[in-house]
J.: 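Just passing along the structure, written as structure tokens.
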Amino acid sequence: MPRIAARLFSAVTVVLIVSSVHAQVGSSLAGGPSRNSAPQKPQPYTAEFKITRVQTLADGTTITNEGTEIRARDSAGITMQSNTNENWQIGRVLGTSAGVHDTDGTILANWFSLDKTARVFKMPPMQQRHGCWMTASNNMRMDWNDAPRAEPNKLVFNPVTRAPEQVPPPVQRSRPQIVDLGTMMIQGVQARGRRITRTISVGEVGNDQTIVAVEEYWMAPILGLKLREIIEDPRTGKRTRELVSVTLDEPDPSLFQPPPDYQVTTEELHQVACPNDR
């Protein structure tokens with residue numbers, strides 16, 4: 001599977017978590033849809049989540065941030081995700097980010113409420129996707145590089161002794177414990193739960209005490225979507241993502257387009273030299 005690295009809008013202070021989206025974006029922003037036929041139509045849906053992050057400081061002070069997430073998928077398999085103020089690092093600044101791309105990844109778009117901008121990235125055709133590609137503005141880079149990576153050097157140079165030394169073996173990490181929680185109904189949709197407990201032994205990451213992180217999630221097989229997720233890690237705090245509403249009808253087409261008053265810019269990717277080729 002090709003390695004894909006995308007760099008998008010690092011200057012924007014809202015989170016962008018983008019997955020696939022409606023082909024109407026390809027039509028409304030780029031002049032025409034691009035779809036692949038599928039033997040079986042997936043279940044359409046529109047789901048809204050509430051996201052809560054709670055960080056507890058050493059003196060007991062808690063920092064709480066809340067946000068919302070909307071996901072949608074149509075019966076052609078195109079999906080959309082948008083987030084509002086989900087990043088706890090942006091404080092009380094309210095903003096919405098969203099992103100879309102069509103079924104074969106020919107068109108990718110994203111937009112942000114803070115500056116009311118939208119960008120459309122025209123990807124190369126599927127048959128040309130090899131090597132590295134970038135826009136002229138460097139706002140987007142995609143790497144389709146299937147070349148095998150070289151084996152890492154087992155020796156390192158010690159600047160004190162000025163002699164090569166053997167790299168120490170990696171720290172042996174504990175295997176996570178996985179528990180099947182069975183099934184339950186969430187907002188009328190059946191989901192199966194799992195709890196994963198990861199134990200970080202003393203010294204694995206420089207810690208002088210054992211660290212235990214627990215992740216619990218409930219996946220809906222019919223949607224291929226996590227309906228509930230709870231992550232507790234003493235290093236980062238507690239994050240809860242909870243489904244608050246879901247409909248199993250065709251989603252509103254407006255979800256897949258930026259608002260009409262946004263400024264839209266279209267950029268095309270061109271092939272460039274990969275870092276390893278230089």
Side-chain angles (χ1 to χ4, degrees), residues 1-19 49-67 69 81 83 85-91 141 143 145-182 191-219 224-242 274-276 278:
M1 187 174 181
R3 300 192 302 274
I4 299 178
R7 179 171 56 209
L8 301 175
F9 297 90
S10 58
V12 180
T13 56
V14 289
V15 171
L16 174 62
I17 307 178
V18 177
S19 56
F49 297 85
K50 178 181 179 181
I51 300 176
T52 305
R53 295 177 183 263
V54 180
Q55 183 184 23
T56 303
L57 306 183
D59 62 357
T61 301
T62 59
I63 301 174
T64 303
N65 284 97
E66 295 182 347
E69 176 180 308
Q81 179 177 327
N83 292 81
N85 199 32
E86 195 270 334
N87 188 350
W88 61 354
Q89 296 181 350
I90 65 176
R141 180 188 178 95
D143 295 342
N145 191 351
D146 294 322
R149 294 183 177 181
E151 286 293 325
N153 193 346
K154 300 298 182 180
L155 298 177
V156 295
F157 183 78
N158 188 321
V160 177
T161 63
R162 304 187 64 81
E165 294 182 354
Q166 192 72 26
V167 176
V171 177
Q172 295 297 320
R173 302 191 182 280
S174 304
R175 290 190 175 184
Q177 296 180 340
I178 302 176
V179 178
D180 189 336
L181 302 178
R192 174 170 290 277
R194 300 180 81 184
R195 181 183 295 116
I196 303 174
T197 302
R198 295 180 173 85
T199 301
I200 303 175
S201 303
V202 173
E204 284 191 21
V205 292
N207 51 311
D208 61 358
Q209 296 186 46
T210 300
I211 299 174
V212 179
V214 180
E215 175 187 359
E216 178 181 315
Y217 67 85
W218 294 80
M219 174 71 73
L225 187 65
K226 291 180 181 179
L227 303 186
R228 178 179 298 167
E229 188 175 23
I230 303 172
I231 301 175
E232 294 188 76
D233 191 322
R235 297 168 295 178
T236 57
K238 182 178 181 179
R239 179 182 186 272
T240 303
R241 178 175 172 273
E242 181 80 21
C274 292
N276 294 336
R278 299 171 183 171

J.: Sequence neighbours left out, what passes salt bridge (Lys or Arg N to Asp or Glu O under 4.0 Å) with Arg175? Give chain and number order.
T.: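 Applying salt bridge (Lys or Arg N to Asp or Glu O under 4.0 Å) to Arg175 gives none.
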J.: Evaluate the side-chain proximity of Arg192 to Asp180: yes if any heavy-atom separation is below 4.5 Å, no if none is.
T.: yes
J.: Would you say Arg228's side chain and Ala191's backbone share a donor-acceptor pair under 3.5 angstrom?
T.: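 No; zero donor-acceptor contacts below 3.5 Å.
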J.: If you measure from OG1 on Thr52 to CZ on Arg241, what distance do you get to the nearest 0.5 Å?
T.: 12.0 Å
J.: How many angstroms lie between CD1 in Ile63 and CD in Gln55, if you round to the nearest 0.5 Å?
T.: 5.0 Å
J.: Tell me the closest heavy-atom pair linking Phe49 and Leu227, and the distance in Å.
T.: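 Scanning both residues, the minimum pair turns out to be CE2-O, 3.7 Å.
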J.: Could you pull out all residues at least two apart from Asp208 that satisfy salt bridge (Lys or Arg N to Asp or Glu O under 4.0 Å)?
T.: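 Salt bridge (Lys or Arg N to Asp or Glu O under 4.0 Å) list for Asp208, sorted by chain: empty.
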J.: From Leu225 CG over to Met219 CE, what is the distance, rounded to the nearest 0.5 angstrom?
T.: 7.0 Å
J.: Please name all residues satisfying side-chain hydrogen bond (donor to acceptor under 3.5 Å, both in side chains) with Asn207, sequence neighbours left out, ordered by chain then number.
T.: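 Testing Asn207 for side-chain hydrogen bond (donor to acceptor under 3.5 Å, both in side chains), a comparison that skips the adjacent residues, returns none.
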J.: Kindly determine whether Lys226 and Glu69 satisfy salt bridge (charged side-chain N to carboxylate O under 4.0 Å, His left out), including the steps that lead there.
T.: CA-CA 12 Å; Lys226 291 180 181 179; Glu69 176 180 308; over 6 Å; no
J.: Please report the shortest heavy-atom distance between Thr210 and Val202, naming the atom on each side.
T.: N-CG2, 3.8 Å
J.: Can you see which heavy atom on Tyr217 is nearest to which on Ile196, and at what distance?
T.: CE2-CD1, 3.9 Å
J.: How would you list, by chain and number, every residue that makes a salt bridge (Lys or Arg N to Asp or Glu O under 4.0 Å) with Lys50, sequence neighbours excluded?
T.: Glu66
J.: So which heavy atom on Pro176 is nearest to which on Arg198, and how close?
T.: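 Minimum heavy-atom separation between Pro176 and Arg198: CB-CG, 3.8 Å.
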J.: In chain order, what residues pass the side-chain hydrogen bond (donor to acceptor under 3.5 Å, both in side chains) check against Thr62, with sequence neighbours excluded?
T.: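 Result, side-chain hydrogen bond (donor to acceptor under 3.5 Å, both in side chains) vs Thr62: none returned.
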J.: Who are the salt bridge (Lys or Arg N to Asp or Glu O under 4.0 Å) partners of Glu216, not counting sequence neighbours?
T.: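 Listed in chain order: Arg195.
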J.: Does the pair Asp233 and Arg239 meet the rule for a salt bridge (charged side-chain N to carboxylate O under 4.0 Å, His left out), with working shown?
T.: CA-CA 9 Å; Asp233 191 322; Arg239 179 182 186 272; over 6 Å; no
